[in-house]
Amino acid sequence: IAPSLTVTPPPAVTTAASAVIRGMATDNVAGTAVLWQTAAGASGAAAGLPQFATTAIPLNRGINRITIRARDAAGNESFRTVSITRR
């Protein structure tokens, strides 16, 4: 069974150079990891479970697509993609 993943993205439009994405990831099996990756290739891991927060994700000017993935110890995965426009 894939982990349950809820993402609370920051505002869709910002002037900030980075953003933090928060949410919650739960699974019926222990060992869930939450990872993020931008369309531009930056990536990292979020801290905390079941509530998590990413590190400051760098934003390029324009539209930034960021995928958040929750993966359990069995290899099951859920993901959400958010878009943030930096002006």
Side-chain angles (χ1 to χ4, degrees):
I1 298 172
S4 172
L5 176 63
T6 304
V7 174
T8 306
V13 178
T14 185
T15 58
S18 64
V20 173
I21 297 176
R22 301 175 192 284
M24 182 172 284
T26 58
D27 191 54
N28 65 335
V29 179
T32 303
V34 178
L35 309 169
W36 60 267
Q37 183 172 13
T38 68
S43 63
L49 287 173
Q51 294 181 1
F52 67 84
T54 66
T55 55
I57 299 172
L59 300 175
N60 296 321
R61 295 214 183 265
I63 299 172
N64 294 267
R65 287 183 181 77
I66 303 163
T67 301
I68 307 294
R69 296 183 187 282
R71 188 175 298 147
D72 68 16
N76 301 309
E77 184 176 275
S78 295
F79 71 93
R80 302 286 181 271
T81 301
V82 297
S83 293
I84 302 170
T85 300
R86 178 179 172 205
R87 294 188 180 214

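Heavy atoms only: backbone and side chains are in, while hydrogens, waters and symmetry mates are out. All values derive from a computational prediction rather than experimental measurement.
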Treating Thr54 as the side-chain partner and Ile21 as the backbone partner, does any N or O pair qualify as donor plus acceptor under 3.5 Å? yes
Can you find a heavy atom in the side chain of Ile1 that is under 4.5 Å from one in the side chain of Asp72? no
To the nearest 0.5 Å, tell me how far Asn76 CG sits from Arg71 CZ. 10.5 Å
Please examine the side chains of Ile57 and Trp36, heavy atoms only from C-beta on, and report whether any two atoms are closer than 4.5 Å. yes
Spatial distance of atom OG1 (Thr67) from atom CG (Leu35) [nearest 0.5 Å]: 11.5 Å
For the atom pair CG (Asp27) and CD (Glu77), what is the distance rounded to the nearest 0.5 Å? 12.0 Å
Measure the shortest side-chain to side-chain distance between Ile68 and Val34 over non-hydrogen atoms and say whether it is less than 4.5 angstrom. yes
Hey, does the side chain of Ser78 reach the backbone of Ala70 with a donor-acceptor pair shorter than 3.5 angstrom? no
OG1 on Thr85 to CZ on Arg65, rounded to 0.5 Å: 8.5 Å
Rounded distance (nearest 0.5 Å) linking atom CE of Met24 with atom OG1 of Thr8: 9.0 Å
For residues Asn64 and Thr38, determine if any side-chain heavy atom of one lies less than 4.5 Å from a side-chain heavy atom of the other. no
May I ask you to decide if Arg87's main-chain N or O and Arg61's side chain share a donor-acceptor pair within less than 3.5 Å? yes
With rounding to the nearest 0.5 Å, note down the distance linking CD1 in Ile63 to CD1 in Ile84. 11.5 Å
For Ala45 versus Thr55, what's the shortest heavy-atom pair and its separation? O-CG2, 4.2 Å
Expected output: side-chain Arg80 to main-chain Val7 donor-acceptor under 3.5 Å: no
Do you know which two heavy atoms are closest between Ala19 and Leu59, and how far apart they sit? CB-CD1, 3.9 Å
